Amino acid sequence: MNGRYGLAVLFLCLSLCVSAAYGQGVCTMQNLAGTYAFKSIGSSTIAGPGDGFHWKASYAPIAFVGWFTINPDGSGEGSSWGIAGAVNFGLAPFPFYPTFTLNDNCTGTMEYAFGESILKEKFVVLDNGREIRGVVMQTAIATGTWFTTARRITSSCGQNKVHGLYLFECSDLLPLSVVSPPPDNIFAGAFQIQMLISPGGDYSGRMVGKVGPITSDAFPTDPPGLGFPVSGKITVHNDCTAEGTLISPAEPSINMARGVFFDEGRQGYWLPLDNLFPDGTTSPTVYGYCSITLMDR
């Protein structure tokens, strides 16, 4: 009898503990109020008949990275960088002013103006307000779609919080100029970069992965297979926004990126935006997005 009672109490305790740790928690606007880092990843695609393997499609990838603040009265403000199809909004962030509504069941709506259009997302609150997951419902372009993930920034980051060995996992679209001039040679790429970032922000690392048919193993290293070297600098501000450069022997250019860190500098969202060439000219990145995770410190 005591054994059964103890087992029942144990199951009840486990259930309540899991709910408290991983459930949605208290869903009030006061509890949701705070500043969040966010990423929005999606596309606008019109697909037609394919060739048996590839889709024949007019494809426009969408990626936005930034931050927003929710006030207890449901008003908000934020700033972000973005790439949507052929439009790269550049290195200067653009502001937006969302309005939030929240339901008792931990769902809600975010609305904001984007130029002359009104954008709307439905979202779900997770982990007692530490995370918000949204899906777009109304866009400026009728075929546009994306998911948004927002993570609460619990404290300032600063340069001193971002150092150690970090893993950047990046997907992008790049031109292979050895094939033909752009835009006829745009290929999808996927890379992992292990960056050892110093307390001052300078870093060195190795990049592995592939773009189209070309892999990082095509660049000789000693010993082989290490990936080609990259270097640069990441500057982190006290509000957790950041800017960075990336130099690699694969391209005669310096890539310039912007992003936001969270979780005391352990994680981040990153957006490669512009390329600076040796002659001083620049060109926008076709598309790119990276997630950032601290590996070791």
Side-chain angles (χ1 to χ4, degrees), residues 36-41 61 63-67 78-83 88-94 149 151 153 156-174 189-209 211 216 227-278 280-297:
Y36 295 78
F38 80 89
K39 64 173 181 178
S40 297
I41 305 296
F64 286 85
V65 165
W67 62 269
S79 186
S80 71
W81 301 270
I83 298 175
N88 183 318
F89 293 93
L91 296 173
F94 55 88
T149 299
R151 296 286 299 274
I153 300 174
S156 64
C157 296
Q159 194 73 59
N160 64 319
K161 295 288 185 68
V162 178
H163 63 89
L165 184 62
Y166 282 79
L167 178 65
F168 282 59
E169 296 179 286
C170 307
S171 61
D172 52 23
L173 296 176
L174 293 172
F191 299 98
Q192 287 185 335
I193 310 171
Q194 292 192 45
M195 290 184 182
L196 184 60
I197 304 175
S198 74
D202 296 303
Y203 73 82
S204 61
R206 293 277 178 171
M207 178 185 289
V208 297
V211 52
S216 57
F228 53 84
V230 296
S231 61
K233 184 178 178 67
I234 292 177
T235 301
V236 185
H237 306 292
N238 288 337
D239 64 357
C240 295
T241 62
E243 54 198 56
T245 59
L246 184 144
I247 306 170
S248 77
E251 294 287 342
S253 65
I254 300 174
N255 182 265
M256 295 175 286
R258 297 290 186 268
V260 184
F261 282 86
F262 55 95
D263 190 20
E264 296 284 335
R266 296 181 184 89
Q267 299 183 71
Y269 303 137
W270 201 244
L271 205 62
L273 288 167
D274 275 352
N275 299 290
L276 175 64
F277 294 96
T281 60
T282 61
S283 71
T285 297
V286 178
Y287 167 79
Y289 167 76
C290 305
S291 63
I292 306 173
T293 306
L294 176 66
M295 297 175 63
D296 189 26
R297 179 172 292 166

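Just so we're clear, the structure is a prediction, and the values are computed from it rather than from any experiment.
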With the side chain counted from C-beta on, respond yes when Val260 and Tyr36 share a heavy-atom pair under 4.5 Å apart, and no when they do not.
-> no

Hey, does Thr285 have a side-chain heavy atom less than 4.5 Å from the side chain of Asn275?
-> yes

Exercise: identify the closest heavy-atom pair between Asn88 and Pro284 = ND2-CB, 3.5 Å

Would a distance-only check, ignoring hydrogens and angles, find a side-chain to backbone donor-acceptor pair under 3.5 Å from Thr245 to Gly232?
-> no

Atom CD1 of Ile153 and atom CD of Glu264: how far apart are they, to the nearest 0.5 Å?
-> 11.0 Å

What is the distance from atom NZ of Lys161 to atom CZ of Phe261, rounded to the nearest 0.5 Å?
-> 12.5 Å

Tyr269 versus Trp81: any side-chain heavy-atom pair under 4.5 Å?
-> no

Would you name the heavy atoms of Tyr289 and Ala63 that are closest together and state the gap between them?
-> CB-CB, 4.5 Å

Steps toward side-chain contact (heavy atoms from CB on, under 4.5 Å) verdict (Leu246, Met195) | CA-CA 11 Å; Leu246 184 144; Met195 290 184 182; 4.1 Å; yes

What is the distance from atom CG of Leu91 to atom CG of Asp274, rounded to the nearest 0.5 Å?
-> 4.5 Å

Is the closest side-chain heavy-atom distance between Phe228 and Val230 below 4.5 Å?
-> yes

Can you see which heavy atom on Cys240 is nearest to which on Ser156, and at what distance?
-> SG-C, 3.9 Å

Ignoring hydrogens and angles, tell me if any N or O in the side chain of Ser216 forms a donor-acceptor pair with the backbone of Gly209 under 3.5 Å.
-> yes

Are Pro272 and Asp172 side-chain neighbours, meaning at least one heavy-atom pair lies under 4.5 Å?
-> no

Are any non-hydrogen side-chain atoms of Trp270 and Cys170 less than 4.5 angstrom apart?
-> no

Where is the tightest heavy-atom contact between Ile234 and Gln159, given as atom of each residue plus distance?
-> O-NE2, 3.0 Å

Any side-chain heavy-atom pair from Ile292 and Phe262 closer than 4.5 angstrom?
-> no

Do Arg297 and Tyr166 come within less than 4.5 Å of each other through their side chains, counting heavy atoms only?
-> yes

Test side-chain contact (heavy atoms from CB on, under 4.5 Å) applied to Ser80 and Trp67, step by step | CA-CA 6 Å; Ser80 71; Trp67 62 269; over 6 Å; no

Can you tell me how far the CG atom of Leu273 sits from the OH atom of Tyr287, to the nearest 0.5 Å?
-> 11.5 Å

Nearest-0.5 Å distance that lies between atom CD1 in Ile193 and atom CZ in Arg206 | 12.5 Å

Heavy-atom pair of closest approach, residues Cys157 and His237 = CB-O, 4.4 Å

With rounding to the nearest 0.5 Å, note down the distance linking SG in Cys290 to CD in Gln192.
-> 11.0 Å

